[in-house]
Amino acid sequence: MAFEVPVTPRRVKVYELQHENWHDRGTGFCIGDVVNEEGYILVKSEEEIDRLLLEAKIYKEVQYQKQQDTLIVWTDPDETDLALSFQEGEGCAAIWEFITEVQKHLGLDDNQSEDANDFQNGSITLPPEPTLGALPDIERSLTLASNTQYGRDSITRDVQDLDYIGKLIPLLSMAEDLESLPDLHSLCRIMKLIILMNDNTILEQILLDEYIVGVVGILEYDPEFPMHKANHRDYISDNSRFKEVVPIPDNAIRNKIKYTFRLQYLKDVVLARLLDDPTFSMLSSMIYFYQVDILNFLQHNEEFTSELFGIFRSSPSSSQGLEDLRCEDQEMKEHGAQQTIQKKRDAVRFIHQFCLTAKNLQPQQRSFLYTSFVKKGLFDVIDFALRDDIPNVRIAGTELILSIIDHDPTFVRSVVLKKANENTSIIDTLIDLLLTESDFGVTSQVSEAIQILLDPTSGQPLDALRKTADMFLRQRPDDPEIEIFLDSFYSQSVQRLFQNLTDLQSSDKLKNMSLQVAALYGCLCDLVCAFIRLHGYRSRSFFVESNVLANISQLFGSSHKSLRLAALRCFRQCLGTNDEFYYRFLIKKRLFAPVVDLLVEVGSRNNLLNSACLEFFEFIRAGSSKPDYQRNMKTLVTHVVELYREQLEKLAFFETIRSLLLRYDQLHDDSMPTSDIALADAKLTGIPGRGSGLRDLASDEDEYFNTSDDEEDQLLQEPVETIAVNVPDPGGVKARDTSDASETVGELIIDLPSAPVSDKTIDSSVGISEALHSNESLETVNETVKWLSRVKRQAAHAISPDSERTSLTPLQSLGEKRRRDEAQQEEDDELVKLSSKKTKSGGFAPKSPSSSSAAQGSNTATTKKGFLSSVNKKISISFGSKRFKDKEEASK
């Protein structure tokens with residue numbers, strides 16, 4: 001490459017655009033480098049010389065912009081916005097020249113060479129003196145030149161060298177005098193093409209006082225809206241928007257303030273529909289660096305800041321001004337006092353804009369700025385703004401305090417504690433404003449500020465790299481400052497904050513409540529929810545003792561749906577605490593009644609009130625099955641159903657209400673095992689679960705039913721024989737009877753599975769227990785006991801009438817199956833115990849085949865029917881929760 005490479009290190013700061021904010025990557029020394037015919041920009045850290053802060057390759061297609069003689073801004077191909085801010089303009093010029101030469105070397109391909117020849121041969125030129133007749137040729141030349149980088153560079157030089165913008169502006173007046181709309185539209189298109197050349201020098205020229213009015217005047221005639229004309233000149237020319245509350249000593253800073261305003265107007269209004277990404281990025285970066293220069297100058301100028309904040313310390317208020325301004329004319333006194341108040345209001349607006357602009361600074365710079373301003377009296381400014389009569393001044397004050405609290409609430413709390421001995425604190429001022437403000441926007445902002453300020457989880461600001469999701473969830477219980485702050489709030493201010501809820505009485509005024517009052521009560525309810533969630537025992541003691549929660553229930557009678565939802569949120573927040581103290585209070589005051597009445601009122605209407613009420617009761621029902629909530633929620637389920645069952649049964653068409661009623665029945669049905677309740681609970685809700693526990697129960701339930709169905713199928717397919725069993729008539733249950741209807745004992749015909757056939761026999765004169773203690777085979781007894789269990793199940797099934805069996809719900813069927821299986825398991829366990837006991841005594845040990853055969857020969861042989869006849873008196877039949885024993889010997 002035939003150009004000079006800058007090797008002299010130039011001190012520079014590297015910036016990167018992240019989330020529309022410029023972040024400082026560090027300070028270092030910048031040089032140029034060429035590797036394999038490719039140019040690079042290298043920045044080495046000044047702290048660690050071996051560490052590279054930046055290694056950026058120079059691309060021919062990337063548009064680099066030089067701004068303010070010390071800035072170079074560009075966007076890499078990977079869409080990373082970068083900026084170099086040089087300490088000296090000489091260093092910026094050297095690196096800029098290097099970038100330009102590298103791009104020229106890379107960009108002179110065949111097509112661009114042809115374009116360059118076109119410019120050199122004069123085929124694409126700009127007329128030295130533009131006229132209305134030459135406007136079409138000028139527009140054509142600009143359009144052709146904008147297609148290539150070389151063309152843009154050439155046209156940009158011509159526009160600057162010929163002062164083309166200054167020559168185009170007089171044509172606006174000529175076209176307006178002639179009322180030539182085509183010429184006006186052509187002028188507008190030409191100006192847009194010049195701006196979209198994306199050259200920083202041209203934009204800085206447009207911002208000058210002698211150009212800006214003419215440029216925005218040309219842009220008023222947009223050809224895309226030929227029937228409309230904007231009024232940009234009237235807005236830009238209105239100097240009444242620029243007020244110097246305190247004179248700014250530096251003319252350059254004053255001009256940068258004007259340039260920043262004009263750039264923002266161009267970006268957000270005039271060129272909003274036309275900007276491409278490179279031009280938008282350039283305008284944003286210019287605004288940012290102008291703002292940084294303004295903020296750095298003003299906050300480090302002690303004379304300026306002292307005079308600015310001195311307005312609120314030394315100047316008299318409206319009442320003091322009448323005494324201190326010793327003028328004979330009373331009107332002059334009042335006029336002087338009004339001027340003082342107006343100056344304070346202007347100062348509030350200036351500081352408000354100053355702090356909003358400071359949001360673009362780095363967190364460390366913002367912290368330094370707020371600390372410096374607080375020392376000079378920033379909270380006095382906020383206190384004045386919040387108490388002012390002008391709405392926009394109060395809005396400025398609330399935004400001002402919110403910007404500080406959002407940045408560092410810990411800092412604000414520390415300042416409030418230091419000023420605790422003063423008559424009023426900022427928290428008291430916020431409370432007064434919340435209770436008296438008529439503007440809903442201000443009310444919501446003040447409520448948010450109070451909530452953040454009293455949030456124990458909010459702490460000091462963190463770096464961008466440390467901002468993770470869990471930072472918002474961290475608790476700081478060991479912070480003594482927040483504990484002192486909360487103690488001070490609950491001892492001095494909380495009563496006044498919730499005085500409206502404490503004094504709330506049930507009356508017709510709730511139904512005719514204005515929107516302003518409803519908004520206030522809504523904000524108070526939101527604060528109640530936040531305090532219940534964040535303040536633990538402090539809020540619990542206050543809300544219960546002051547009867548705030550009980551009075552909130554009266555808001556259900558309001559005609560405003562938003563207010564009824566706010567009251568419901570408070571009760572729902574109490575449920576979510578899992579605090580037995582809150583639960584007892586809700587039960588004692590019967591605060592579930594308005595929620596039930598609200599659900600009855602809205603009925604089946606599919607709206608937000610209906611959904612919120614159903615979620616409220618679903619939380620109670622589902623919580624009664626969770627280990628953490630189970631004990632307390634069972635009490636709530638019992639209370640709600642026992643007191644309001646009649647109303648809830650009218651709402652049984654809701655699945656949630658049906659499940660709630662069923663849950664109550666489950667809790668008070670001692671015959672149903674706990675496992676059945678859990679399985680049925682998961683099945684009936686239709687919800688897979690709020691956790692993995694219900695999914696596990698569902699899988700167990702499926703496995704149980706699959707296994708049970710197979711066993712039942714196998715049981716029903718076995719051959720059967722018929723026997724007659726005499727059983728008592730169970731309380732009026734009609735059995736299929738073969739005897740006289742007047743008898744109390746019916747002869748029930750039962751189809752039983754075949755008894756186990758075995759070559760092993762036992763004595764028919766003994767029962768099961770005696771058989772177990774005899775020297776008979778354990779295998780034979782096992783088979784017999786299993787068969788008897790089947791007999792009992794079949795008998796119990798036969799006793800129930802058909803109508804009763806078919807009317808069983810899935811839950812009852814599940815419980816019935818489980819009870820039968822548990823009965824069989826109990827008999828099997830008894831068998832194992834007895835066999836174990838016999839084995840230990842030596843009377844029931846395994847025998848050899850020979851000894852077994854001898855035993856078979858010595859014992860009295862019996863058939864399976866004889867064995868059944870001897871043990872039938874032992875059969876117990878289960879029906880519901882009753883057990884019936886056959887007291888007579890069953891016939892064969």
Side-chain angles (χ1 to χ4, degrees), residues 345 348-349 352 355-356 379 381-407 409 412-413 416 424-455 458 489-490 492-504 509-535 539 542-543 546 548-549 551-552 554-570 573 608:
R345 290 168 178 166
V348 169
R349 297 186 182 100
H352 169 246
C355 291
L356 290 184
F379 281 95
V381 178
I382 296 174
D383 186 74
F384 170 82
L386 296 179
R387 298 178 184 275
D388 195 75
D389 298 332
I390 307 299
N392 59 5
V393 177
R394 293 198 303 273
I395 293 174
T398 54
E399 291 182 354
L400 191 57
I401 185 63
L402 266 179
S403 64
I404 304 174
I405 292 176
D406 285 338
H407 174 68
V412 179
R413 287 193 289 261
V416 173
T424 58
S425 64
I426 191 65
I427 191 69
D428 294 327
T429 304
L430 290 173
I431 292 174
D432 293 338
L433 181 61
L434 175 66
L435 299 178
T436 58
E437 179 58 48
S438 58
D439 187 281
F440 177 71
V442 177
T443 303
S444 60
Q445 285 184 319
V446 172
S447 174
E448 181 183 357
I450 294 175
Q451 182 174 335
I452 297 175
L453 199 58
L454 295 169
D455 186 356
S458 60
F489 171 76
Y490 275 95
Q492 301 176 10
S493 306
V494 69
Q495 184 65 41
R496 187 152 51 91
L497 175 61
F498 294 107
Q499 189 65 42
N500 288 15
L501 288 176
T502 305
D503 299 338
L504 184 63
K509 295 182 180 180
L510 291 175
K511 297 182 179 180
N512 302 322
M513 187 182 297
S514 64
L515 288 175
Q516 175 185 346
V517 178
L520 172 60
Y521 280 113
C523 291
L524 292 177
C525 288
D526 291 338
L527 288 174
V528 169
C529 293
F531 291 176
I532 291 174
R533 184 179 68 255
L534 297 172
H535 296 167
S539 61
F542 171 75
F543 290 143
S546 61
V548 167
L549 288 176
N551 290 342
I552 286 177
Q554 300 177 23
L555 297 178
F556 284 99
S558 172
S559 59
H560 298 278
K561 292 183 179 179
S562 60
L563 194 54
R564 301 166 87 178
L565 286 170
L568 184 59
R569 284 198 300 271
C570 293
Q573 187 64 51
L608 190 57

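Computed from heavy atoms alone, side chains included, the values below leave out hydrogens, waters and symmetry copies. Note that the structure is predicted; figures quoted are calculated from it, not measured.
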Counterpart residues, ring pair (Phe, Tyr, Trp, His ring centres under 6.0 Å), relative to Phe379 (two or more places apart): none

Partner residues of His352 under the ring pair (Phe, Tyr, Trp, His ring centres under 6.0 Å) criterion, sequence neighbours left out: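 So His352 forms no ring pair (Phe, Tyr, Trp, His ring centres under 6.0 Å) with any residue.
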
Hey, could you give me the [atom1]/[atom2] distance between [X] and [Y], rounded to the nearest 0.5 Å?
{"X": "Leu501", "Y": "Gln554", "atom1": "CG", "atom2": "CD", "result": "10.0 Å"}
{"X": "Leu400", "Y": "Ile382", "atom1": "CG", "atom2": "CD1", "result": "4.5 Å"}
{"X": "Cys523", "Y": "Asn500", "atom1": "SG", "atom2": "CG", "result": "12.0 Å"}
{"X": "Leu565", "Y": "Leu555", "atom1": "CG", "atom2": "CG", "result": "11.5 Å"}
{"X": "Glu399", "Y": "Ile404", "atom1": "CD", "atom2": "CD1", "result": "12.5 Å"}
{"X": "Arg413", "Y": "Ile405", "atom1": "CZ", "atom2": "CD1", "result": "9.5 Å"}

Test side chain to side chain contact (heavy atoms under 4.5 Å, CB included) applied to Ser558 - qualifying residues, sequence neighbours left out: His560, Leu563

Non-neighbouring partners of Gln573 that pass side chain to side chain donor-acceptor pair (under 3.5 Å), sequence neighbours left out: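 Scan of Gln573 (side chain to side chain donor-acceptor pair (under 3.5 Å), adjacent residues dropped) gives none.
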
For Gln495, side chain to side chain donor-acceptor pair (under 3.5 Å) partners two or more places apart: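 For Gln495, the residues satisfying side chain to side chain donor-acceptor pair (under 3.5 Å) (neighbours in sequence not counted) are Gln499.
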
Distance-only polar pair, side chains of Asp428 and Ser493, donor-acceptor under 3.5 Å: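 A donor-acceptor contact under 3.5 Å links the two side chains.
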
Flag side-chain contact, heavy atom, 4.5 Å: [X] against [Y]:
{"X": "Ile552", "Y": "Leu524", "answer": "no"}
{"X": "Val528", "Y": "Arg569", "answer": "no"}
{"X": "Arg345", "Y": "Phe384", "answer": "yes"}
{"X": "Thr443", "Y": "Gln516", "answer": "no"}
{"X": "Leu534", "Y": "Leu454", "answer": "no"}
{"X": "Ile431", "Y": "Phe489", "answer": "yes"}

Which atom of [X] lies closest to which atom of [Y], heavy atoms considered:
{"X": "Cys570", "Y": "Cys525", "answer": "SG-O, 3.5 Å"}
{"X": "Leu504", "Y": "Tyr521", "answer": "CD1-OH, 3.6 Å"}
{"X": "Ser539", "Y": "Tyr490", "answer": "CB-OH, 3.4 Å"}
{"X": "Val348", "Y": "Val381", "answer": "CG2-CG1, 3.9 Å"}

Please output the side-chain donor-acceptor pairs of residues 433-442 that fall under 3.5 Å, not counting sequence neighbours, one pair per line with the distance.
unit_1, atom_1, unit_2, atom_2, d
Thr436, OG1, Asp432, O, 2.7
Glu437, OE1, Arg394, NE, 2.6
Glu437, OE1, Arg394, NH2, 3.4
Glu437, OE2, Arg394, NH2, 3.1
Glu437, OE2, Asp439, N, 2.9
Asp439, OD1, Gly441, N, 2.9
Asp439, OD1, Val442, N, 3.1

Ring geometry between Phe542 and Phe498 (parallel below 30°, tilted from 30 to 60°, perpendicular above 60°): tilted

Verdict with reasoning, Leu453 to Ile401, per side chain to side chain contact (heavy atoms under 4.5 Å, CB included): CA-CA 10 Å; Leu453 199 58; Ile401 185 63; over 6 Å; no

